[in-house]
Amino acid sequence: MPRYSTEPIVVPVASGLLPESERNRRVALTSFSVRSEPPEVPQREVVCYECGRRTQVPAAALSAICTHCRAHLKMTDVDLKPGAQRLTVRTLGNVTVLADAVLSQLSITCGNCYLHGRGSGTFRCSDLLKISCNNRIEGPVQAGRLEVERGADVILTQGATVDELVVSGRLSGRIVARRRVVVRRGGELYANCFTPSLEVEQGATHRGEWHREQPV
Ligand SMILES: [Zn+2]
């Protein structure tokens, strides 16, 4: 049988007091610590849709206040059904126009937007705008990445300003792409493009001018 013995207090200094670090260690072992700082909340960075600046918000929050302009930012996802009455949507979340919807005069500001149905109006998407059915969009379009899916025939009467455009279907309109334009095999792009990089894959079509510089 091993013999149990408590840890002896050996004080190596003449004063008889434990060194401070050892004393703190023992106090920590024998007391319940009360955390003074608030628990760490996972944060994520978003771009405020009012002032355009980056701000940190709790990752799981459904709404937050911009630390710069104090705007109330919504983060919920919104589905727009056929016959939807709400035409102006501002959220950092996703907006989906559901199949069979035909909505005009939309004003959408969001993170990602998915057009499974028809939606026309103004689009400002900080990340992705994905169009997967025939659409004629009468307002300005801004997105991080614009994707036109195979089988979709899209007309942008006021064009689009994006970082990146990927066309797998058919797209007409004036395109300003800060990073690049890619026309996938089978894709058709009828557009004057202002972009530093234009890639037209084999079996893809591009008709229009290509300017490497951004328009003034
Ligand atoms: Zn702001």
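Atom set for the values below is all heavy atoms of this structure, side chains included, hydrogens, waters and symmetry mates excluded. Numbering of ligands and ligand atoms starts at 1, following listing order.
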Quiz item: Checking Asn94 side chain against Asp77 main chain: does a donor-acceptor pair fall under 3.5 Å?
Solution: no
Quiz item: Under the side-chain hydrogen bond (donor to acceptor under 3.5 Å, both in side chains) test, which residues partner Gln214, sequence neighbours left out?
Solution: none
Quiz prompt | salt bridge (Lys or Arg N to Asp or Glu O under 4.0 Å) partners for Arg179, two or more places apart | solution = Glu164
Exercise. Any chance you could measure Phe123, atom CZ, to Thr109, atom OG1, to the nearest 0.5 Å?
Key: 10.5 Å
Quiz item: How far apart are the C-alpha atoms of Ser63 and His72, what are their side-chain angles, what is the distance that settles it, and do they pass the side chain to side chain contact (heavy atoms under 4.5 Å, CB included) test?
Solution: CA-CA 7 Å; Ser63 70; His72 181 86; 3.7 Å; yes
Quiz prompt | Cut-off under 2.8 Å, centre the Zn ion (ligand 1), protein N/O/S atoms | solution = Cys48 SG, Cys51 SG, Cys66 SG, Cys69 SG
Quiz item: For Arg178, which residues count as a side-chain hydrogen bond (donor to acceptor under 3.5 Å, both in side chains) partner, sequence neighbours excluded?
Solution: Asp163
